[in-house]
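Worksheet: one structure, shown below.
Residue numbers start from 1 in every chain, and the chains themselves are labelled A, B, ... in the order their sequence lines are given, proteins ahead of strands. Just the heavy atoms: all of them, side chains too, but no hydrogens, waters or symmetry mates, feed the values below.
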Protein chains: 2
Amino acid sequence: MAVTLADVAARAGVSAATVSRVLNGNYPVAGATRSRVLRAVEELEYVVNGPASALAAATSDLVGVLVNDVADPFFGIMASAVQSAMSPEGTGTAPRKMAIVCNTGGSPERELMYLTLLQRQRAAAVVLTGGAVEDPEHIAALRARLRRMADAGTTVVLCGRPPLPPAGDGTGPDGAGTPAPVAVTFDNSGGAKRLTQHLLSLGHRRMGYLAGPVARTTTRHRLEGHLAALAAAGLKEDTGRLTVYGAYDRSSGYDGTLELLRRDPDLTAVLAANDTVALGACAALRDRGLRIPEDVSVTGFDDLPFAVDAAPALTTVRIPLYEAGARAGRLALGTEDPPPGGVATVRAELMVRASSAPPRSPAR
Amino acid sequence: MAVTLADVAARAGVSAATVSRVLNGNYPVAGATRSRVLRAVEELEYVVNGPASALAAATSDLVGVLVNDVADPFFGIMASAVQSAMSPEGTGTAPRKMAIVCNTGGSPERELMYLTLLQRQRAAAVVLTGGAVEDPEHIAALRARLRRMADAGTTVVLCGRPPLPPAGDGTGPDGAGTPAPVAVTFDNSGGAKRLTQHLLSLGHRRMGYLAGPVARTTTRHRLEGHLAALAAAGLKEDTGRLTVYGAYDRSSGYDGTLELLRRDPDLTAVLAANDTVALGACAALRDRGLRIPEDVSVTGFDDLPFAVDAAPALTTVRIPLYEAGARAGRLALGTEDPPPGGVATVRAELMVRASSAPPRSPAR
DNA sequence: CTGTTAGCGCATTCAG
DNA sequence: CTGAATGCGCTAACAG
């Protein structure tokens, strides 16, 4: 049906092996025959059969990128960056690798399911983005699956999540064999700490915290940074009372803020787990007739593109998502050497904007 | 190295063919042997070799999704929806098809390049999202490429773009052979028209229009709807003078608004090509000391999630991106029958919110 | 219902 | 530098 290598070979008057060689360019071929083959390829509009070549070469040019939610710019930006790393810079050269973006929806089952699919495709590499679920059972399953993939030659890169905790239960040789996956992690805890310190320095003492989903590394690290800053300021007694967990979306921010207001009508600041949640928080506060930042300060996290356009512009913590994704992409392709220790932490920078200001009545 | 079908067959004491049959479930197999095989699969942790099966079956389970920009929620939402259509509803069943999201960056070359990659992978289907570039040369190349893919058995679905214009130059049999790709189009023109009518009815007469990139179907259709409404109101003289082209991003909205203000300092409304551009427009107006909507009304397009949280909340046109994407996904999989004529147009609904109000001095 | 037999299209030895 | 032969792992006819 479709035109094959053999057709091209016949047209060019050479053997299939020669055509294969010029196409892959890994072998010496005479200039004359090379151009003759190339012309035949053009004329026949030949397109390599990916599956066949993957089978024969036992390698594929697919790179999987797992994200919680493509529709969320947080992941969209990272995915876009990973993909950009596949194309060899400016030149219009076709990338040999192709990124597959897979939506897990944050569900552990779907994460494993997509890994199986990727494993089945014999993916060259896989990049796991975003926070990890902290369920021990899932971690064990994930570790096992990733190790099997790594053993089969798939490069595994973590982006935006910490390295997998070591096995611990001593089943099988751990330190030995395949090395742990390379990780590009975010300084979530440090960023959250600086953010809270910023609010503390403005004079805030009664702050509500809208945390992300429970049992997620990102959620935990951000919350820990926040609590650490509170503790350092001698405010640890409030811990927990003004923390509400929810999803990383607008409505969680809205509902969570109403709940916080119920718990403490006099709070002077709301720290949201991310920018999207912060938007919901702002909406809830406005609906309650509270002004931002005069009555209540609001902060986000991530510094997504829309944060600067919120009204008022959101004070937040900037995470260089694009740079991190690009780096993860290069690590996946082996274009960049892994960092010492296998873990690179990208800095989170405090962005002070209009949504934070001193509280109405400082220090309660 | 890896465990193969043969290994499983040996362990289960059956032939490779039988294992293949239980795995694909398309053939009758005795219950006893079936469970024996399944157990062997479990014990050996066998994972099918995708490339090999694709080669043998001459079909692949990959579905390509081309988007201009994954980091843009407009595309992210559609991509997410397409992907959701791959999973058989509630059941935790693994999707047999896998969506590959490819970033074209809006570049025709990259669009063709990714199609080549997809063609190489022998993709089962490909979904092209977003507006099409209107360069005749590119259209011809695209049409040729899509036809070749369709001939090779790949289902082609358009989502958010109009059907390809017919060949016209009479090269080769056109109407014959493979049918034209199915398309899920947006009523961009109708939505834009209703939006402009809304502003007209409020009393606006001097409106600036921030168009998208030139030579894009989406840009053209939205602009046409706008101009049609103006013409119907007898305002055609202004055509063009108050239209500025730019990218679909915030900075274009910002810069374009400054340019519009230069051309007509007394304009009372700015219509942006999409919500992101509108955000930039709002920022520019605020920086110029103009209030929204008291001094200038602003409208967006698409009704992305953040539109309702802008301050003031954005009057815009809602396009059911998720529904459209899901439908495109089902059409790609053949789960849904194509609409009569091969083209389904989804309605664009006017969403009136706080960013539009009567002008300061009605009717100039 | 199950085993046997052929390839699918290509990348690689190994000779020449 | 090039051609001929072999097998990657699996599916799809055929037989039985």
**OP:** Please report, rounded to the nearest Å, how far the P atom of D:dG9 is from the CG atom of B:Leu55.
**Re:** 12 Å
Original post:
Do B:Arg21 and C:dG3 have a side chain to base donor-acceptor pair shorter than 3.5 Å?
Top reply: yes
Subject >> N or O in side chain of A:Ser53 less than 4.0 angstrom from C:dC10 OP1/OP2 >> reply: no
Original post:
When rounded to the nearest 0.5 angstrom, what is the spacing between OG1 in A:Thr4 and CG in A:Leu44?
Top reply: 9.0 Å
**OP:** To the nearest Å, give me how far apart CZ (A:Arg34) and P (D:dT2) are.
**Re:** 10 Å
Original post:
How many Å lie between OH on B:Tyr27 and C1' on D:dA13, as a whole number?
Top reply: 8 Å
Original post:
Can you tell me how far P of C:dC8 sits from CG of A:Asp7, to the nearest Å?
Top reply: 12 Å
Original post:
Checking side-chain hydrogen bond (donor to acceptor under 3.5 Å, both in side chains) for the pair B:Ser84/B:Tyr322: CA distance, chi angles, key distance, verdict?
Top reply: CA-CA 10 Å; B:Ser84 76; B:Tyr322 194 88; 3.1 Å; yes
Original post:
Between B:Asn26 and A:Ala52, which has a closest nucleotide on DNA chain D that is more 5'?
Top reply: A:Ala52
Original post:
When the distance from CZ of B:Arg122 to P of C:dC10 is rounded to whole Å, what number comes out?
Top reply: 7 Å
Original post:
Do NZ/NE/NH1/NH2 and the carboxylate oxygens of A:Arg147 and B:Glu45 come within less than 4.0 Å?
Top reply: no
Original post:
Does B:Asn24 have a side-chain nitrogen or oxygen under 4.0 Å from the phosphate oxygens OP1 or OP2 of D:dT11?
Top reply: yes
Original post:
Should A:Ser15 be listed as having a side-chain N or O under 4.0 Å from OP1 or OP2 of D:dA4?
Top reply: no
Original post:
For the atom pair OG (B:Ser35) and CD (B:Glu42), what is the distance rounded to the nearest 0.5 Å?
Top reply: 12.0 Å
Original post:
Just how far, in rounded Å, is P of D:dC8 from CG of B:Leu5?
Top reply: 13 Å
**OP:** Figure out the CG/C1' separation between B:Leu23 and D:dG9, and round it to whole Å.
**Re:** 13 Å
Subject >> side-chain N/O B:Thr33 vs C:dT2 OP1/OP2, d < 4.0 Å >> reply: yes
Subject >> Options C:dG9, C:dC8, D:dG3, nucleotide nearest the side-chain atoms of A:Ala17 >> reply: D:dG3
Original post:
Hey, is the side chain of B:Thr18 poking within less than 4.0 Å of OP1 or OP2 on C:dT2, counting only N and O atoms?
Top reply: no
Original post:
Quick one: which of D:dT2, C:dC8, D:dG3 gets closest to the side chain of A:Ala30?
Top reply: D:dT2
